[in-house]
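Input: a single structure, listed below in structure tokens.
Note that the coordinates shown come from a computational prediction; the quantities given were computed from them, not determined experimentally.
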Amino acid sequence: MSLAFCGNENNSLAYNVDSGVLNNGCFLDALNVVPHIFLLFITFPILFIGWGSQSSKVHIHHSTWLHFPGHNLRWLLTFVLLFVLVCEIAEGVVSDGFTQSLHLHLYMPAGLAFMAGITSIIYYHNIETSNFPKLLLALLFYWVLAFLMKTIKFAKYTEHGIGLRQLRYGITGLLALLYGLLLAVEINVILGRRYLCFTEATEVKPPEDLQDLGVRFLQPFVNLLSKATYWWMNTFITAAHRRPIDLKVIGKLPIAMRALTNYLKLRKAFESQRRPLGSMPQDPKWIWRALCQAFGRPLIISITFRFLADLLGFAGPLCISGIVHHISKENHTIQPPIKLLGVYFISSQEFLANAYVLAVLLFFALILQRTFLQASYYVAIETGINLRGAIQTKIYNKIMRLCTSNMSMGELTVGQICNLVAIDTNQLMWFFFLCPNLWAMPVQIIVGVILLYYLLGISALIGATVIAVLAPVQYFVATKLSQAQKSTLEYSSERLKKTNELLRGIKLLKLYAWEHIFCHSVEETRGKELTSLQAFTFVVHVHISEEADLSPAVAFASLSLFHILVTPLFLLSSVVRSTVKALVSAQKLSEFFSSDEIGDEQEPNATMPAGPSNHNSKYQAVPLKVVNRKRPPREDCWNNYSHKGGDPPPQERDQDLCFRITSGYFTWTDGPPTLSNVDIKVPFGQLTMIVGQVGCGKSSLLLAALGEMQRVSGTVTWNSLPNLDSEGDERYVSEGDDRKRGSVAYASQKPWLLNTTLVENITFEMPMIKPRTDIQMKPQCIVFDWRPWNHVPLFGLSLCVFQDDPFSALDIHLSDHLMQEGILKLLREEKRTVVLVTHKLQYLPHADWIIAMKNGTTQTEGTLKDIQNSEPELFEQWKTLMHRQDGEFEKETVPESMTVLERKNLRRAMYSKEAAKTEEEDKEESVDSDEDDNLSQAMRHRTTIPWHSCGVYLSSAGLLLLLLLLLSQLFKHSLMVAIDYWLAHWTSRVINAKMDATGRNCTVAQECGFSHSWYLSVFSVLCCLGIVLCLVTSVAVEWTGLRVAKELHHNLLSKIILAPMRLFETTPLGSILNRFSSDTNTIDQHIPATLECLSRSTLLCVSALGVISYVTPVFLIALVPLAIACYFIQKYFRVASRDLQQLEDSTQLPLLSHFSETVEGLTTIRAFKYEPKFRQRLLEFTDANNIASLFLTAANRWLEVRMEYIGACVVLIAAVASITNSLYNHLSTGLVGLGLTYALMVSNYLNWMVRNLADMEVQLGSVKRINGLLQTEPENYEGLLTASQVPDGWPQQGEIQIQNLSVRYDTTLKPVLKQVNAHISPGQKVGICGRTGSGKSSFSLAFFRMVDMFEGRIIIDDIDIAKLPLQTLRSRFSIILQDPILFSGTIRFNLDPERKATDDMLWEALDIAQLQPVVKTLPGGLDATVTEGGENFSQGQRQLFCLARAFVRKSSILIMDEATASIDMATESILQKVVMTAFADRTVVTIAHRVHTILKADLVIVMKRGLILEYDRPQALLEKEDSVFASFVKADK
């Protein structure tokens, strides 16, 4: 066939110009070449010059600056232009197919126009990013020329009667319109930027985000092509292969995506939902309305994209139908084209009847459909991430205003709040991810059924009927899912709560040999959780499998439609499941947002004392606060800090006060008041001490003053004084609302540490003041034992310091040092107001003001001398408890301060000498950090696919289940291929039978002997088998997942419960708890679904490629480059995805920790007025987590776009190869349809295969981390003796012999006890004392074999404890630890988990522990509820419960490890007497901080650095002048 521009037929009219050159069709086409040649010649040199100077271009952020007007419209019009030009090329090629020679003018101008269109947008992009608008003149001339040429051509076509029946006419008119619109856009740029015909050009600046080099998430700022294909991610993805991705790499969020921006948007929506009176509705519907108002607009955009994608998805089946129809032998109806103006014209019907045209249109439809689909996904996910950040910020602001009683009374726990943040916000986010499916799926199903009806007729209604029947089934399933999901979440929360308590109290459980009791309790809850999970997954799997019977079809177009319909039905279950979870989460959030807050809605007005006030009110800028509170000023200044001589006048007395409580009644709940008739005053600049017995309300009094309790009646009046060191000359008085007060440095009784550095815990967000820090850091052991006090003296702005029993956990030396250096020196010298709750009555002479509490009210207040005069009985009681004489108690503190100074210097020397001891502690800490690093390395480990973890997971399922899973998957997919192949064979036979019928003059095929019954029977049997195998596969997946979840959790719990204490001392509790929470949840719910999805998508892709290769073997040649492209794409993606998923997880941990830290330290934060700083830190954590999530989303879209484009290429190649093979090699139409149907499946499942592979890699990290803990060596619970060989009553006497005992915590560490020898006779009361770190606690732990006894032995009642089974040994002793540990449940359970004691025994123990009156007043008595951690009891009461617990066991040996540190001296004195009487015939070993508590012991052991320094009766040691014990006793006075 010859080649010529206008053709070379002899009778061709293409060269005839008799009627004028413009009336010649070939000349018109040649004329249209001119603009394109012009643009190509003009722009190519400029582009090459520009590309050659890329190094001189500005930073990438500026090169993404899109600032020309009409930018997006230009890109859209260009895309449409290119598509229309492709159609023009195709139309020319098809038209030219009817001629003898090739007419290049039919398609070559369109080809040049296509090249020019691409060049124009590239040229424009470079001009825009380089900001040289004058160079756009070339495009202006091009659009003018192209518009004129197309208009002339269109006019001539109209003139010669060519109309819409000819496709080329419509294409020409459309091109003229597009060129005209692009010309209008170009003119708009001139008018907008004023770069032409104006004296001054318009100045524009890049947005703030692009000026910030830290913003690297560029999706909102790049052009449409880069947005659609995520081209800007190329550099990021490939760079991840060279270096790990961290927070520095991903940078900051754009302003519009930051948590603060979205929170303000959400807050505005929430405020609009308020009722007229200002209260929030209780119904969760208001949350949905607010969310839709704040984030509904982008969701509508996502739904629109999804609609377009779903409609384009139906192009596949329609094109397959057209292709099969075209290549069938029946297709002989195409008429030759019409010849006008010397050229050929075809109609659109003839154009679309061409199989190759349909293949190309199918390719473009797939490209466009996948692009819209990914755009829909991205917008929905971005909206969900923004929503999550906003809700998390909203929750945090609510936490900052939560009433403390919600926490202390168990209404809200730390775990529940963390679940709101970690689970419920994510459920709402996932609902927004899947929300477009709710609207798109009905449209998809309706359109699919209509097309099926068009193809199949009435038989298509069968499928519609099944779908209609499934609707009520979906409702039934939704209700079941709701119940199952809710119960699963409840059981999961309960299990985590019990596991958390188990881990926190593991030392106590091991010492009491109660591990198996609590292990059984966790296992029982785990069983309920798995049962609920089993019901949940079974309903889901069976529900999904029901759609398997929608496959029977008689044509491959119908088969493709049914494949399309299976997708919404499959997603419907996911959407229903997500909707159910979101509804539950919204309900929980509604309840949380409606919980009580501190303070009243209408704040009382601040009362102003008499005096002039000429200053304006000052505002304090508080970020994120819903209401900015004004600070009422006072002008007058006050300079006197104490008045010890006589009573001042009333007004002066009020001005001398820091705060006053008048007739105060306060409560935690709606019940009777906890504090009644409280009248106290706290003077400015003085030391006020609050004393009283355990449970009298001392801590509650502090919290009431801080506004943490509910005020029933009375007033709390605060005076604010200027900062004596710096600025300000104002003060205010506020009645009834503590929020008007200034900042208070509050140190709670319960230590509260931030997850940050040591220095930051001490400075507490304040600038470091070197002299103060030096003072603070000198006693190095303090900062680890007692943090809350650390930041108090450093806080330069707090004039008032509250300290809640800070000395309870410290020995006498450290507490004395803190009292002298911190409170009496640093704070008093700076005239700070200090309110100290304490049980150490020896410090009362230092107090300027004393408040005595009793039974929830104030017993008395005043100076020590005032109380001596007014309450002589109370004064005598204090004096007796102090073991002091009148002269000592009442003497002035000035001469005593000299001895204090001397003792202080001596202790400083002791600290320097003990620096050697810290060497081994440093080594111990280094081992700790190494082990912590080993635990965290899994988060950053960049390796290949973790096959070992995969093997661990699958091996946990067992061989039988593994074989069932593997075989069922293989058989299921083999059967699916067999069904489709049988369908192809059937349709081919039908076509052949019709041809035979035509040749033999039969009216229908059945008359010629063809019958459908045989094919239908086989097809039905195969479909039924397919349904059965779907069910078998679902059950196999479910059983495998549950079996693995059960085995791994059981093994993990068993290993942890039997692990040595060293593991818990060196591994952060959060790391272990994460194995039971997030990792277990991953194994329970995520890995089975991912594994099933991975196997399904992989087998579908393999089977699809196999079928295509079988149908058209030539496809294998084209498969090689596609496979190479897929390999490199997945290679780069997997590394980046793994890093980003791990980064997302690692950024979520600080966020959740910040929530839990805030809840635990809420009182301290509010006292310090540090809410703004903590809110700012939350925003930083939230943004860090969100930027990781957004980059992960963009990376997933990057992968899916490329994989789906490759899938579209597979479809195009398979279609062209199949058509060619069918036309020239007579391939059966059934196999062509089969190949095309499977080619469409490849495009659907290729990206899922890679995505699931990447997800599986990350999820298997959970298995790897759990497997790491499973390698822990357990304690040796076995002994040389069996439990039956140990006498039942052992030990009966309680005689203890310690022979050459050396003890260490680990084989890699130095010994903490060295060659210790001691003998304790039966019934002796032994006291052990010594400095912190001397080995006292190690001594007690050796009795329980909690430490490594590598030398020597301990013999108790003639039995070496090393020979006893560990469980038996620990069950025969009793110990009371320093830290009180209570478990959630009942009082009965906390006293006797083994349920061996009678009620009388329990009441007797409570009576001994002074708790019987308290428990009798509680509802339920012994069965009264104990909240998590025992928070509904005071610290001292918790310690008394622990004492009662030890009394219940009544063993022959009792060890008290600083057990009375948290109780007052009066109660302690009573308990000491009780111990001496109740355990008169038993051996008691007491480790003491307060040395006076062991003065009546039979034997005293003084320890130092693991050695016994002194060993004798206390009287004998006191008589020695150089006795260390005697110096301890003197220091304790």
Side-chain angles (χ1 to χ4, degrees), residues 609 631 633-648 651-660 680-690 702 705-706 717-734 741-747 763-764 766-767 769-776 789-804 806 817-838 843-851 861-864 892-894 897 900-901 1167-1169:
R631 177 174 291 185
R634 279 269 311 262
E635 187 180 29
D636 52 326
C637 188
W638 178 81
N639 293 313
N640 297 321
Y641 288 93
S642 62
H643 192 110
K644 295 187 179 180
D647 291 334
Q651 182 175 348
E652 183 182 351
R653 183 177 67 238
D654 286 345
Q655 293 177 352
D656 291 350
L657 300 182
C658 177
F659 71 89
R660 164 196 291 275
I680 65 164
K681 57 186 178 181
V682 173
F684 261 121
Q686 297 185 11
L687 172 60
T688 300
M689 292 190 186
I690 302 176
L702 290 187
L706 292 172
T717 307
W718 282 83
N719 288 355
S720 177
L721 287 181
N723 184 355
L724 300 179
D725 297 331
S726 56
E727 72 227 7
D729 58 350
E730 299 172 344
R731 71 173 180 172
Y732 63 80
V733 179
S734 163
R741 62 168 171 75
S743 173
V744 174
Y746 173 68
T763 59
F764 201 50
M766 287 295 295
I769 305 172
K770 186 66 176 173
R772 297 187 182 187
T773 310
D774 289 342
I775 293 172
Q776 189 59 32
W789 190 84
N790 292 332
H791 55 71
V792 172
L794 297 177
F795 195 80
L797 300 181
S798 294
L799 292 176
C800 188
V801 181
F802 279 17
Q803 301 184 46
D804 191 349
H817 179 87
L818 292 181
M819 185 69 187
Q820 297 297 331
E821 292 288 335
I823 297 176
L824 297 181
K825 181 179 178 182
L826 188 59
L827 295 180
R828 177 173 277 185
E829 286 178 358
E830 294 184 356
K831 300 298 182 182
R832 306 293 173 136
T833 304
V834 181
V835 181
L836 175 66
V837 172
T838 184
Y843 296 136
L844 285 179
H846 298 296
D848 302 305
W849 193 258
I850 299 171
I851 299 173
E861 67 173 334
T863 63
L864 188 60
E892 293 293 326
T893 60
V894 176
S897 65
V900 167
L901 182 61
F1168 274 86
K1169 295 289 184 183

Ile823 vs Leu818 side-chain heavy atoms within contact, under 4.5 Å: no

Tell me the closest heavy-atom pair linking Thr863 and Asp848, and the distance in Å. CG2-O, 3.4 Å

Do Glu861 and Lys681 touch side chain to side chain, with heavy atoms closer than 4.5 Å? yes

CD1-OG1 distance between Ile850 and Thr688, expressed to the nearest 0.5 angstrom: 9.5 Å

Kindly give the heavy-atom pair with the smallest separation between Pro845 and Leu864, and that separation in Å. CA-CD2, 4.0 Å

Decide yes or no for Val744 and Phe1168: does some side-chain heavy atom of the first lie under 4.5 Å from some side-chain heavy atom of the second? no

Measuring from atom CH2 of Trp849 to atom CD1 of Ile690, what distance do you get when rounded to the nearest 0.5 angstrom? 12.5 Å

Taking the side chain as C-beta and beyond, is there a heavy-atom pair between Tyr843 and Leu836 under 4.5 Å? no

Side chains of Phe684 and Asn719 in contact at under 4.5 Å (non-hydrogen atoms): yes

Any heavy-atom pair between the side chains of Met819 and Leu824 that's under 4.5 Å? yes

Please round to the nearest 0.5 Å and tell me the distance separating atom OG1 of Thr833 and atom CG of Leu827. 10.5 Å

With a 4.5 Å heavy-atom cut-off, do Ile851 and Met689 have their side chains touching? no

Audit row: His846, Gln820, side-chain contact (heavy atoms from CB on, under 4.5 Å) steps and yes/no: CA-CA 10 Å; His846 298 296; Gln820 297 297 331; 4.0 Å; yes

As a quick check of understanding, evaluate side-chain contact (heavy atoms from CB on, under 4.5 Å) for Leu826 and Glu821, giving each step before the final call. CA-CA 6 Å; Leu826 188 59; Glu821 292 288 335; over 6 Å; no

What are the two closest heavy atoms between Trp718 and Ala705, and how far apart are they? NE1-O, 3.1 Å

